[in-house]
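Take a look at the structure set out below.
Each chain gets a letter, A, B and so on, in the order the sequences are listed, and its residues count up from 1.
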Amino acid sequence: MEISRREFLKVSGAVGGTLAASSLLTNGLVTLAAGTSEASALTEEFIPTTCWIGKQDCGMLARVINGRLISFQGHPDHPRNRGKLCPKGVAQIQSIYDPNRVKAPLRRTNEKGVPGTWEKISWDEALDTVADRIKDVLERDPRKFVWQKGRSKAKDFYDDAFVKATGATKLHHGAFCSDAGYRALEYTIGMHGVLHPDMRHTKYLLSWGWNITNAGGNKFCWLTWPQQLVEARERGMKVTAIDPRLRGAAHFADEWVPVKPGTDLAMALAICNLLIEQDTIDHEYLRTYTNGPFLVGDDGMFLRAEPVEDEEEGKALVWDTLTSEAVPFDTEGIEPALDGYCQVGSAEVATSFQIFKESLEVSTPEWAAEKCGVPAEQIRKVASDLAENAMIGSTIEIEGKTLPYRPVAIMAYHMAQQELGFQALRAMLFIPMLLGAVGAVGGQFSDFTWKEYKNWKKFADISVNEGPYNIYLKDSKFFPINSNNSSLVAKVINNPDQYEVDYIPEVYLLHHVNPLGSFPDREENIKAYEKIDFVAAIDPWISLTADLFADIILPAATIEKYEGPMSATDQYIDAKAMRIPPIPPMYESRSEIDIYIDLCDRIGVLDGEGGYLDVVNNELKLTDTEYAIPLDSKPTPRDIFDRYAKVNGLEGIEFFEREGVQLKGPVSPSKYYPYAMEEPFGGIVPHRLYGESLLVTQQKMQALGADEIYWRDYTALPTWRDLTVETSPPEYDLLLISVKNIEFKQSRTPIPMMMEMYKHQVIEINPADARAKGIEEGDEVVVESIHAITLETREVKTIASFRENLRPGVVCMPHHFGEYVKHPWVKGTGPSPNSLFFTGEGYLANTADQTYLVKVKVTKA
Amino acid sequence: MTTQNETLPYEVGRLTRGWIAMVAVLLILMGVGGYAYYLQFTQGEIVTGLRNLGTMGGATWGLYIVFLVYFIGLSFTGISIAAMIRLLGLEKIKPIARMAETMTVIALILGAMTIMVDVGQPLRAMVNLFRYARPGSPFFGTFTLVIAGYLFASQIYLYLDGRRDAAILAKKPGRFQRFFRLWAAGYKGTPAEKKRHNQASFWMAIAIVPLLITAHSTLGFVFGLQAGRPGWFSALQAPEFVALAGVSGFGLLICIAAIIRKVLNAEEKLNQDVFEWLGNFLMFLIVAYLYFMVVEWLTATYSSGGAEASVSNALFTGEYAWMYWLTVATLLIPFGLLVYQFIFKRYRLAWIVASGFMVNIAAVVKRYLIVVPSQTHGTLLPYGIGSYSPTWVEYAVVLGIFAFGTLMFVLFIKIFPIMNIPENSEGGE
Amino acid sequence: MRKKLTSLLVVLGFALQGISFFFLAAPLGLSTSEADSNPVMPFAPVVFIVGVGMVFVAAVVYELLPENSDE
Amino acid sequence: MTRYGMVIDLNRCTGCRACMTACKVENNTPQANFWMNVFRFEENEYPNTRVWFMPRPCMHCNNAACVKVCPTGARFKREDGLTLTDWERCIGCRYCEVACPYGVNYFNWKAPEENQYLDWDDAELVTELGNDGLPYANPDLELSYGPEDRFTAGGGHYKGVVEKCTFCVHRLENDLIPACADNCPTDVINFGDLDDPSSKVSMLLGEKPSYRLLEDVGTDPNVYYIGGTPPNSETRQIEEIKVRV
């Protein structure tokens, strides 16, 4: 923190003389300077903190003059943003002082289901009311208490502590984000992330549905990726955008493949097919680190050796070309065959790679061209560009180590949210796998360090239990791999019997989450909330959900609180940062940690083993250190972070209050590059090219009598099928997708300055499509969506906006828009596309991930 | 009283019921205009339909500037008539000289008022313009030459030209006697004085013609020098402004003369000859202006592209086409009427007056077309099309200013003869 | 005397205009500094206007001023 | 001599408009006044579409049309190349605005306190802060700058006065670069002394082909662009900033 005292006395001197004479002449306006003519020295401070509005917690310096926030600027040392902020980061200053914030705890005074009328109550009363309800429901049936947060800012230890201490059912936003992609990568290579390149070295990037100019890619909410992309472009990186809409990649794309939404799986399969056909694949990687050589029997399952000792099942067999016999895959000194057939016993069996290869035979570029609506030539070009740039077999020296060099990669993130999302992402990941680019220098990455995610092991044997299930159908026969989807939860609450659920929740605690505003299928959600007895919201604003259904609203602080610790890495430099309050909490708002501590105290789960503080100690690794929080205390957030800092060898929270960010230096190649690790890929091998356990899951689901619609995408290899939306009646001739615009994506509240730049919702439409319907630019239009199965329709009115950068046949509406919060700046801004999307079967991936694709018709209003 | 009043010519000092009613109406209009301006002054020009160019997609100059140009255009007439009488010896139009000069003075005052209602900081403007005005700005001419110099010159003209009549009236007892005596300033009508007046008038006329051209050109330069504004940037702007100033000024003068002829029953004095002359002169001015319009139209459409084309398309075929063609019609119809009369020598007062009225519509609308489309359709960066429609405040303020001008005119009529007093009423000659 | 005064006013008027326009008001031509935006003498435009005024006042003087005794 | 200018590298621009909000916060500009504006453009037809972005600050022209036409010298050039508005001298005639081919001038149609996005006079907020008005008002804007101590920074955004981009004159005088350039996430906007051959802006101009907007108008701007071509008559705006007050 840097403090300077600057003389502002100059003002009075300069203006004093002219003021008297000119006050009349300034049209009755006394100059602002006059107001400060008596001002003396002002104290200017720069307080380091982190951004609160986005997801990647950029480092900031808050310029504070005499205790007043004047502006936010980027923290120059923070690796993620290097002294810069995105437009929202800068503009959030308006939100801090926003007079529309919840200023004090509120209690509803009217019936639920309509916009609320509120009375202010004391914190004590509010906390007592909420704690009593929670305590009551926990005593009767803990399953009926649901806690949900939109997005955890910083480390979610204090959320987890609350969930664990109370035993609440936790819901989140992932199924609306890119969880299908996460699940696909967790399943296939054990990494928690989707797809991103090694920007320092990549030479050819497939920007697959990556909205470079508006939205973040994998792991970052925005700013870091464009910074790295621009540098990579100046280095000469080529970019091909596979995207129905060029707006996102804009001029950063050298080629544009305007793929039809939802057909990415077909495209990926065709590219895989071409790579194999051209034999531009990395045999070494596939043989050594994937299950490609595993032998597969007629039943689709691996051939296995006899189990030894305590093994549950035997090791999968591969064909050793040296000895010409089937041996366990991890036998030393073998050379497994990657493709082809072999004679094992009496049967002729193929390797799983052979099966994959054969499965791709139908997936010719011409076949994909028809599905994806792009010329086959474009697909061929992508495949040959990939092959050419992958430089299979080449190596590069990084810090003394010789590593494989495959400078091609894919960036894909939110496009995972489609009906075949899980399998599409698997198929997309197969492209870098075939090229041997996974984890290679310049190749395919998905997380900042190569470490195993818990689902890697879990997915080897996916649990599929008999009912009854919990409300998000965990381990159910419906969605065994499950990204908990709160729109599906709404559907379950509305139809519990159908999903073999024997209760519905009574108490909801919503922590800065707005299911009615942010998630698809608003109607389904509203119906569900009508069934919930008691809803409390912790939020700095009155969200649409709170406005209609909250009984109590607890005002949370925004940036003006201690929060952390948060990763500050840009994938190459390791750092930790902390949110430091530049000013005290506005109005009567409080830090969420304070709120949770008080709630836990009242519920009776604060202290003691397994209590809130105990979990906090565990999560922050304070347990059994001299800095552990005493379990009988009631710490302040600053105190908690002080202990965290000390246990990490720092002087205390003062370090962060002064520096903001703790730089730990470059990420070592042995952490970043899996080939540089002691054991390549940290031992998380073989990569699951062939998804045997998916096939097993399918069988388990069938055994429990699940319908085909649930199990059909549980296939060992990604398999194309026609999309449910395509069965909609033909008069619904346009495909609606939702897109993000940087002005308001992920905004927690309308920031007036941002809203001003994007004042009204529009539907983007190709002029050719529009004119065919007699629609002109700026016309008011009715957009009507249809559920392909139930034929239910929904409609909104908005304004047509012409885009030549949009594939004909596709229309899109920006997400995170409309009257989603009680705020003057959203009034009249138009509808949210969430009113048009459907949830449930046909509109969910097999992992319960939401699709953002629906057929609509657009007519002139 | 009555006897006195009857002795003063042209109803000077005589307050008829119609006159009082008219004044009342004018005061009401001024009140409305004043209230509108009060709103604008206190709330800012947010109450107008004006908005910024570019990202606001508006026009920042609108109705006020349109009428500034129009009013200053009207001022052309008084001075030019006075000059022509002296320089060309056009004695037969002498009866309309004073009303023309009065019109000039009033129009210039109204012009100054429209500037003040247009600027955002009028009180500051009154000081800062005198303190800082920069000769480099085309506005310099508007502030100094037009508003100050021109106004001053026409007042002096009006004053000196009125001395003879003032001297005559000063001989009659009455309320205004002192005022007339003051105006006459010792004028006795001696041949020496007449000679001197003729000399002074002649030289002033000589001096004033260049001022006339400069002043109206200056206003044209306000627009014509702007390289960054398609539709404005043209060497033709200055002469066009001079020509259109003449058209509107003479047109309005015809109307005023006709009204006065009717109200004062001055058919004899304001006889057909005067109107014929005015009509013919107007015809020539219209010819000149139509020539400019043709040249302008050709230049704009022949090979233009980009923003230039955007403006001309909006003008000729787009949003503003109805106004453009209205202008053309309200110039061509009077032109046709006047040419017909000129050729066949069959003059009809009504036609002449109608022509005068129509060209004023043309003048106002054409000024609108000069000022506005280049702002809404002429951005050189692709800001897109803007829009401007005046609010009631702007209409009310302009109407109020009009009412104020009219009030000044009708008040002047009641304190000073609006035409020169006939020779026979001149005592002592 | 009368004619002289008139001539003087005219000449002086034009002179004032010229001096004010070219020397006292803000400089003409390309502006490159703050000074270029200021009149050399404050209220120089008033001088210009006075100059214009004087030229025309000359006419008043010419007409109104009594002749010398020799007339 | 110093001649401040910008070199805007459009190859790097993501059109995120962070420069616009950085400007707005730094200069406390009222609603609908965009001293910095970022165009988002589209050209050609599907599938040969091109999408690109162009920030548009004030060009601080050497031969500025606005300076030439300003009747009072409220709009003036400084020796360091800045084109500034003296908001104590401006009479609000808006001549600069019609003269400027770039559309960078903003007249204040309303009083500033009625045009700052939110109701900053909210009673509880006033109680909380101890005063009304814009809570994040930047005190630097009220100071006078330059050899003549003229009021050229954002100031009070008075009703009836024209304002525009100042190249953050108040920051320059404190050895900081303009807020837009300082914050640009991808370093699109380079700011510096064009007369200094060793400055980054001069070096960039030496290395890469550049152009200035509307060069044929003769304004001689001090803002240069690198990358692509200037917008032409086929260039369409998408997601345009069109805000009226």
- Message: Given 3.5 Å as the limit, does a donor-acceptor pair link the side chain of Gln227(A) with the main chain of Thr186(D), or not?
- Response: no
- Who pairs with Asn48(D) by side chain to side chain donor-acceptor pair (under 3.5 Å), at least two apart in sequence or on another chain? none
- Query: Taking 4.0 angstrom as the limit, do Arg40(D) and Glu743(A) come out as a salt bridge?
  - Reply: yes
- Query: Which region of His760(A), side chain (C-beta onward) or backbone (N, CA, C, O), has a non-hydrogen atom less than 4.5 Å from a non-hydrogen atom of chain D, or is it both or neither?
  - Reply: neither
- Task: Could you check if a side-chain atom of His823(A) sits within less than 4.5 angstrom of a side-chain atom of Leu118(D), using non-hydrogen atoms only?
- Result: yes
- Query: Would you say the side-chain atoms of Glu42(D) pair up with the backbone N or O of Asn805(A), donor to acceptor, closer than 3.5 Å?
  - Reply: yes
- Query: Sequence neighbours excluded, which residues qualify as ring pair (Phe, Tyr, Trp, His ring centres under 6.0 Å) partners of Tyr224(D)?
  - Reply: none
- Message: Please classify the contact of Cys19(D) with chain A as side chain, backbone, both or neither, using a heavy-atom distance under 4.5 Å.
- Response: neither
- With a cut-off of 6.0 Å (strictly less than), are more than 12 heavy atoms of other residues, nucleotides or ligands near CD of Glu234(D)? no
- Please tell me if the side chains of Arg68(A) and Pro135(D) come closer than 4.5 Å, counting only heavy atoms from C-beta onward. yes
- From Ile65(A) atom CD1 to Asn138(D) atom CG, the distance as rounded to the nearest 0.5 Å: 6.0 Å
- Hey, is Asp122(D) close enough to Lys103(A) for a salt bridge, meaning N to O under 4.0 Å? yes
- Query: Of the backbone (N, CA, C, O) and the side chain (C-beta and beyond), which part of Gln228(A) lies under 4.5 Å from a heavy atom of chain D, both, or neither?
  - Reply: neither
- Pick from Ile742(A), Leu806(A), Asn66(A), Leu85(A) with the largest number of heavy-atom pairs that fall under 4.5 Å of chain D: Leu85(A)
- Bottom line for Ser71(A): the part with an atom under 4.5 Å from chain D's heavy atoms is both
- chain D contacts, top residue of Ile212(A), Asp98(A), Leu223(A) (heavy-atom pairs, under 4.5 Å): Asp98(A)
- For Thr14(D) and Thr213(A), indicate whether the former's side chain and the latter's backbone hold a donor-acceptor pair under 3.5 Å. no
- Query: Checking heavy atoms, do the side chain of Ala179(D), its backbone, both or neither come under 4.5 Å from chain A?
  - Reply: neither
- Could you give the distance from CG (Leu125(D)) to CE (Met586(A)), rounded to the nearest 0.5 Å? 5.0 Å
- Task: Mind running side-chain contact (heavy atoms from CB on, under 4.5 Å) on Asn183(D) and Gln73(A) for me, showing each step along the way?
- Result: CA-CA 7 Å; Asn183(D) 186 63; Gln73(A) 39 196 267; 5.7 Å; no
- Message: Please classify the contact of Arg233(A) with chain D as side chain, backbone, both or neither, using a heavy-atom distance under 4.5 Å.
- Response: neither
- Item | Residue, of Gly92(D), Cys184(D), Pro47(D), that accumulates the most heavy atom pairs under 4.5 Å with chain A | Cys184(D)
- Task: Let me know if Asn100(A) has heavy atoms under 4.5 Å from chain D in its side chain, its backbone, both or neither.
- Result: side chain
- Tyr758(A) and Arg17(D): side-chain contact (heavy atoms from CB on, under 4.5 Å), yes or no, with the steps? CA-CA 11 Å; Tyr758(A) 210 113; Arg17(D) 292 177 170 158; 5.6 Å; no
- Is there a side-chain contact between Met20(D) and Val90(A) (heavy atoms, below 4.5 Å)? no
- Carefully, step by step, assess Phe72(A) and Tyr136(D) under the rule side-chain contact (heavy atoms from CB on, under 4.5 Å). CA-CA 10 Å; Phe72(A) 292 117; Tyr136(D) 53 92; over 6 Å; no
- By a 4.5 Å heavy-atom criterion (distance strictly below it), what part of Glu43(D) contacts chain A: side chain, backbone, both, or neither? neither
- Message: Quick check on Ile70(A) against chain D: is it the side chain, the backbone, both or neither that has a heavy atom closer than 4.5 Å?
- Response: both
- Item | Whether His251(A) side chain and Phe53(D) backbone form a donor-acceptor pair below 3.5 Å | no
- Query: Do you see a donor-acceptor pair shorter than 3.5 Å between the side chains of Glu756(A) and Tyr117(D)?
  - Reply: yes
- Can you tell which of Pro767(A), Pro824(A), Gly89(A), Pro808(A) has the highest number of heavy-atom pairs within less than 4.5 Å of chain D? Pro808(A)
- Message: I need the residue from Val762(A), Leu69(A), Val64(A), Ile96(A) with the largest number of non-hydrogen atom pairs under 4.5 Å to chain D.
- Response: Leu69(A)
- Message: Using only atom types and a distance under 3.5 Å, with no angle test, would you say the side chain of Glu128(D) pairs donor to acceptor with the backbone of Tyr587(A)?
- Response: yes
- Message: What I'd like to find out is whether the side chain of Arg12(D) reaches to under 4.5 Å of the side chain of Glu234(A), using heavy atoms alone.
- Response: yes
- Query: Given a strict heavy-atom distance threshold of 4.5 Å, which part of Arg807(A) is in contact with chain D: side chain, backbone, both, or neither?
  - Reply: both
- Evaluate side-chain contact (heavy atoms from CB on, under 4.5 Å) for Arg82(A) paired with Asp187(D), printing each intermediate quantity in order. CA-CA 11 Å; Arg82(A) 309 183 216 166; Asp187(D) 289 317; over 6 Å; no
- Message: Tell me which of these, Leu129(D), Val243(D), Leu134(D), Ile238(D), has more heavy-atom pairs under 4.5 Å with chain A than the rest.
- Response: Leu129(D)
- Message: What part of Asn741(A) gets within 4.5 angstrom of chain D, counting heavy atoms only: side chain, backbone, both, or neither?
- Response: side chain
- Okay, Ile91(D) and chain A: the region with an atom under 4.5 Å from a heavy atom over there is neither
- Task: Measure the spacing between SG of Cys16(D) and CG of Asn214(A) and express it to the nearest 0.5 Å.
- Result: 9.5 Å
- Residues Lys84(A), Asp182(D): salt bridge by 4.0 Å N-O rule: no
- Is Glu239(D) salt-bridged to Arg803(A), going by a charged N under 4.0 Å from an acidic O? yes
- Message: Heavy-atom cut-off 4.5 Å, strictly under: side chain, backbone, both or neither for Asp121(D) against chain A?
- Response: neither
- Message: Between Ile583(A) and chain D, with a heavy-atom cut-off of 4.5 Å, which part of the residue counts as in contact: side chain, backbone, both or neither?
- Response: neither
- Message: To the nearest 0.5 Å, what is the distance between CD on Glu44(A) and CG on Asp140(D)?
- Response: 7.0 Å
- Query: Could you walk me through whether Phe252(A) and Trp52(D) pass the ring-ring contact (aromatic ring centres under 6.0 Å, His included) check?
  - Reply: CA-CA 9 Å; Phe252(A) 297 105; Trp52(D) 62 290; over 10 Å; no
